[in-house]
Protein chains: 2
Amino acid sequence: MKRAKKKVFTDFMSQRGLKSTKQRDVILDSFLSSDRHLSIEELYLKIRAKHPNIGYATVYRTLKLFAEAGIAREMQFGDGQTRYEHVGEGEHHDHLVCTRCGSIEEFENETIEKLQTEVAASRGFLIERHRLELYGLCGNCRK
Amino acid sequence: MKRAKKKVFTDFMSQRGLKSTKQRDVILDSFLSSDRHLSIEELYLKIRAKHPNIGYATVYRTLKLFAEAGIAREMQFGDGQTRYEHVGEGEHHDHLVCTRCGSIEEFENETIEKLQTEVAASRGFLIERHRLELYGLCGNCRK
DNA sequence: CGTTATTATGACATCCACTTTCAACTGGAG
DNA sequence: CTCCAGTTGAAAGTGGATGTCATAATAACG
């Protein structure tokens, strides 16, 4: 799966005439082996630990590239930072965000999706994408 | 209904030992007689037209007060601006956001809410609030 | 292999939407 | 009317995202 995403990215790169560089390799590796939902800052700090010479701007630009290539998606959870999550082919899910510890879980629910489509249809609205986030206390924090 | 909200706000103010001022009156009036989902900037410009002496910071602070008083709610729709919408007692609704014209419609759906609670419960998660936004083309923009 | 035309990088500057600061200015209780 | 806590507006400060630009690196070509 890491392999698959790397291929998607290199294909994207060559198709766009972009170059492969050490920095991009490092950032991609680091991204793929991270928690889902990392902010730019978090990824930058993580990378800087081993590669002090990679700048914030490069991480920032590279994450944008990942998003364009379709292997990452920008997300906003209201903490003022843009987070990037991993994306698989056509996969979609929603989020449970813990307001105490900040942990983020994912879930999927067919029925909800279907109801959304129905609601939209009844208004003549055509859905392109949606976001559903449930904020509250996770199992751990409720104890 | 405007009356009711004004009362909620004045009650909130006196309870907190806050003062009633001309500026706050103007801002509240303007807010209540506006579109739902106004950004600070939009409200500020609207107000400035008639009251050039009211500053951005005051509008900003006053909207925060409205939110604390429970008559407004902060919202983020991903356009980089915080918007404030009107809130009625315990009322809740979700949004249909048109990605072309920016219009925002509201909807409610009991079944979706219930399913959300179920999903959360099955993970031991306790929901405090949620956000559900459907992005796409509104009826008008599809034509 | 060198050369060369691009593209990439990183330090720094800038932008932008708030958010805070602070001196001057009220409300309104006494 | 006095006085003080609460307010205001202009301006400065923040923090994250984004743009700039001289320098460096890649990869295609000779």
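Every value quoted in this text rests on a predicted model; they were computed, and no experiment measured them. Residue numbers begin at 1 in each chain, while the letters A, B, ... track the order of the sequences.
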field: Contact list for residues 110-130 of chain A, test ring-ring contact (aromatic ring centres under 6.0 Å, His included), sequence neighbours left out
entry: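 Matches after skipping sequence neighbours: A/His92-A/His130.
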
message: I need the full list of ring-ring contact (aromatic ring centres under 6.0 Å, His included) pairs touching residues 3-32 of chain A, with sequence neighbours left out, sorted by first then second residue.
response: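 Of all non-adjacent pairs touching residues 3-32 of chain A, those that pass ring-ring contact (aromatic ring centres under 6.0 Å, His included) are A/Phe9-A/Phe66, A/Phe31-A/Phe66, A/Phe31-A/His86.
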
What is the distance from [atom1] of [X] to [atom2] of [N], rounded to the nearest Å?
X       : N      : atom1 : atom2 : result
B/Asp79 : C/dA17 : CG    : C1'   : 11 Å
B/Asp25 : D/dT8  : CG    : C1'   : 14 Å
A/Lys64 : C/dT7  : NZ    : P     : 21 Å
B/Leu65 : D/dT8  : CG    : C1'   : 13 Å
A/Arg83 : D/dG15 : CZ    : P     : 17 Å
B/Glu41 : C/dT19 : CD    : P     : 14 Å
B/Gln81 : D/dA17 : CD    : C1'   : 15 Å
B/Leu63 : C/dA17 : CG    : C1'   : 14 Å

query: What pairs with A/Tyr44 under ring pair (Phe, Tyr, Trp, His ring centres under 6.0 Å), at least two apart in sequence or on another chain?
result: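 In terms of ring pair (Phe, Tyr, Trp, His ring centres under 6.0 Å), with neighbours along the sequence ignored, A/Tyr44 is linked to A/Tyr56.
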
Short side-chain N/O contact to [N] OP1/OP2 from [X], under 4.0 Å:
X       : N      : result
B/Arg24 : D/dT8  : yes
B/Tyr60 : C/dT19 : yes
A/Thr58 : C/dT9  : no

query: When you measure from the side chain of B/Ile40, which nucleotide among C/dC18, C/dT9, D/dT18 comes out closest?
result: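 Of all the options, the side chain of B/Ile40 is nearest to C/dC18.
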
message: With no hydrogens and no angle check, just 3.5 Å: does a side-chain donor-acceptor pair link A/His37 and A/Glu42?
response: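 Checked: A/His37/A/Glu42 side chains show no N/O donor-acceptor pair below 3.5 Å.
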
query: Could you run down nucleotides 22-30 of chain C 5' to 3' and tag each one B, S or - for protein heavy-atom contact under 4.0 Å?
result: ----BBS--

message: Run A/Arg123 and B/Glu105 through side-chain contact (heavy atoms from CB on, under 4.5 Å) and show every step you take.
response: CA-CA 9 Å; A/Arg123 308 284 196 103; B/Glu105 292 179 52; 3.2 Å; yes

- prompt: How would you label the contact of A/Ser39 with the nucleic acid (heavy atoms, under 4.0 Å): base, sugar-phosphate, or nothing?
  reply: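 Contact class for A/Ser39: none.
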
message: Can you give me the closest heavy-atom contact between B/Leu134 and A/Ala120, atom names plus distance?
response: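 Shortest heavy-atom contact: CD1-CB, 4.5 Å.
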
- prompt: Charged N to carboxylate O below 4.0 Å: is that the case for B/Arg83 and B/Glu85?
  reply: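 Here B/Arg83 does not pair with B/Glu85 in a salt bridge, since their nearest N and O are not under 4.0 Å apart.
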
message: Using a 6.0 Å cut-off, check whether atom CZ of B/Arg100 has over 12 heavy atoms from anything other than its own residue.
response: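 12 or below, so no.
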
For residues 20-27 of chain B, dump all side-chain donor-acceptor pairs below 3.5 Å to protein atoms at least two apart in sequence or in another chain.
from    : atom 1 : to      : atom 2 : distance (Å)
B/Thr21 : OG1    : B/Arg24 : N      : 3.2
B/Arg24 : NH1    : B/Lys19 : O      : 2.7

field: Strand contacts (DNA chain D) in residues 42-57 of chain B, 4.0 angstrom heavy-atom criterion
entry: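 Going residue by residue through residues 42-57 of chain B, the ones with a heavy atom under 4.0 Å of DNA chain D turn out to be B/Asn53, B/Ile54, B/Gly55, B/Ala57.
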
